[in-house]
2 protein chains.
Amino acid sequence: MGKSVGDGAEALFLGQFEHALDGKNRLFIPVRFREHRQPQRFILTRGLERCLYLFPVVTWRRLANRLDQLPIRDKREERAFKRAFLAWASEVSLDPQGRILIPHALGQYAGIRQDAVVIGVLQHIEVWAKERWRRYVPHAEGSFQRLAPHLEL
Amino acid sequence: MGKSVGDGAEALFLGQFEHALDGKNRLFIPVRFREHRQPQRFILTRGLERCLYLFPVVTWRRLANRLDQLPIRDKREERAFKRAFLAWASEVSLDPQGRILIPHALGQYAGIRQDAVVIGVLQHIEVWAKERWRRYVPHAEGSFQRLAPHLEL
DNA sequence: TGGAAAGTGGGGGAAAGTGGGGAAGAGTGT
DNA sequence: ACACTCTTCCCCACTTTCCCCCACTTTCCA
């Protein structure tokens, strides 16, 4: 259940998968989320609502460029933001089995100890602690019911 | 955890690492922050919020050039700024084990005695006294929550 | 139902990281 | 000039972490 759509310039991620971290803090990335190009590298960083974001390097580059163009008056705050965003970022690459190593600080931030949920959200992938995700779902459900009509399917 | 991104003309730094200065005032620079070219030289100087900035020589050059094009009316102020920025700058190089020697004055400025945190912030690297960084993080955290939505992932 | 691909787990070697001994050289005071 | 200290830098030895590899189980689909 889940898929990466389109094999054009850029894949879109969707679907959700459950995986457990093994004893070595490695997380399996479903095949559907893997890039076909070699080497398979991603940027893992912290996301909102205490999950982790996983970006293909290309997408990340675009994002990093945008960092310098944020509409921020206060330079001090801009520095603080960059530090928070970048210090918790990390380049990770897939091992031959298709797993990534979750850095300790990031695992902490997202509260991931054992069970994790990996979900695709178009441009990026998110990693949640299973428990936190379970509690978050009802929220998401509400938003879905409220906004879906606007899609005019 | 963390890594320098990109294998193009220029690496981008990211991630955070903790390292203790040893008895000889040496600080370990994580492999991911090292330049691949030889010899491995950096410019270390004072940073904002009482940390230290570490620049690859190339990046430093670009920065130094820009100093001459500052839009400053007040020539007196321009001189003051340049002096402050340059007088504390120091060229450091990696020893065979990948460590740099922290000049006494700079260590003092940043309050680094024992434990240090090294973080990557795209174009440059920052070195913080661990304690000071610990106290700064909540700040940064706030900015992150406030500003991250503007990135429009 | 069998084979291929996806997913799981752990051993071990290479590289990263840590600490200190000691030679070379610079600064200072007789 | 010469001892003396102090700093800098090179080298070696050790510990720890990471990542490559192999082997096994499970799932998917023909």
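Order of the sequence lines fixes the chain letters, A, B, ..., with proteins taken first and strands second; residue numbering starts at 1 for each chain.
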Student: Identify each atom pair where a protein N or O and an N or O of nucleotides 25-30 of chain D are less than 3.5 Å apart, giving names and distance.
Tutor:
none

Student: Could you go step by step and tell me if Tyr109(A) and Trp88(A) meet the ring pair (Phe, Tyr, Trp, His ring centres under 6.0 Å) rule?
Tutor: CA-CA 9 Å; Tyr109(A) 171 77; Trp88(A) 272 267; 7.5 Å; no
Student: Quick one: which residue pairs count as a salt bridge (charged side-chain N to carboxylate O under 4.0 Å, His left out) with a foot in residues 120-129 of chain B, not counting sequence neighbours?
Tutor: Arg83(A)-Glu126(B)
Student: Going by salt bridge (charged side-chain N to carboxylate O under 4.0 Å, His left out), name the pairs with one or both residues in residues 102-111 of chain B, residues two or more places apart or in two chains.
Tutor: none
Student: Return the set of residues passing salt bridge (charged side-chain N to carboxylate O under 4.0 Å, His left out) with Arg50(B) (not counting sequence neighbours), or none when no residue passes.
Tutor: none
Student: Name every residue in residues 92-109 of chain B that has at least one heavy atom under 4.0 Å from any atom of DNA chain C, in order of residue number, or write none if there are no such residues.
Tutor: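 Gln97(B), Arg99(B) - these, ordered by number, are the residues of the stretch whose heavy atoms sit under 4.0 Å from the strand.
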Student: What about the rings of Phe33(B) and Phe17(B), do their centers lie closer together than 6.0 Å?
Tutor: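 Yes; Phe17(B) has its ring centre under 6.0 Å from that of Phe33(B).
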Student: Please produce a list of atom pairs where a protein N or O lies less than 3.5 Å from an N or O of nucleotides 4-6 of chain D.
Tutor:
none

Student: Kindly say whether Phe85(A) contributes a backbone atom to a donor-acceptor pair with the side chain of Arg46(A) at under 3.5 angstrom?
Tutor: no
Student: Using the test salt bridge (charged side-chain N to carboxylate O under 4.0 Å, His left out), find all partners of Glu131(A) that sit at least two apart in sequence or belong to another chain.
Tutor: Arg134(A), Arg135(A)
Student: Within the structure provided, determine whether Arg41(B) and Pro56(B) are in side-chain contact (heavy-atom separation under 4.5 Å).
Tutor: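 Not touching, per the 4.5 Å side-chain cut-off.
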Student: I'd like to know if the side chain of Glu91(A) pairs up with that of Trp60(A) as donor and acceptor (distance under 3.5 Å, no hydrogens or angles considered).
Tutor: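 No donor-acceptor contact under 3.5 Å links the two side chains.
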Student: Output all residues satisfying salt bridge (charged side-chain N to carboxylate O under 4.0 Å, His left out) with Arg113(A), sequence neighbours left out; order by chain, then residue number.
Tutor: none
Student: Applying the side chain to side chain contact (heavy atoms under 4.5 Å, CB included) test to Pro103(B), which of Ile100(B), Leu106(B), Leu101(B) qualifies?
Tutor: Leu106(B)
Student: Can you give me the first and the last nucleotide of DNA chain C (5' to 3') that has an atom within less than 4.0 angstrom of a non-hydrogen atom in chain A?
Tutor: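 The contacted stretch runs from dA6(C) to dG12(C).
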Student: Kindly state each residue pair satisfying salt bridge (charged side-chain N to carboxylate O under 4.0 Å, His left out) with at least one member in residues 92-108 of chain B, sequence neighbours excluded.
Tutor: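 Of all non-adjacent pairs touching residues 92-108 of chain B, those that pass salt bridge (charged side-chain N to carboxylate O under 4.0 Å, His left out) are Asp22(B)-Arg99(B), Asp95(B)-Arg99(B).
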Student: Show your working on side chain to side chain contact (heavy atoms under 4.5 Å, CB included) between Phe81(A) and Leu151(B) and close with a plain yes or no.
Tutor: CA-CA 11 Å; Phe81(A) 173 68; Leu151(B) 275 179; 4.0 Å; yes
Student: Within the side chain of Tyr136(A), is there an N or O that forms a donor-acceptor pair under 3.5 Å with the backbone of Glu49(A)?
Tutor: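 Absent.
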Student: Can you list the residues that meet the salt bridge (charged side-chain N to carboxylate O under 4.0 Å, His left out) rule with Lys24(B), with sequence neighbours excluded?
Tutor: none
Student: For DNA chain D, which residues in residues 21-30 of chain B have a heavy atom at a distance below 4.0 Å?
Tutor: Lys24(B), Arg26(B)
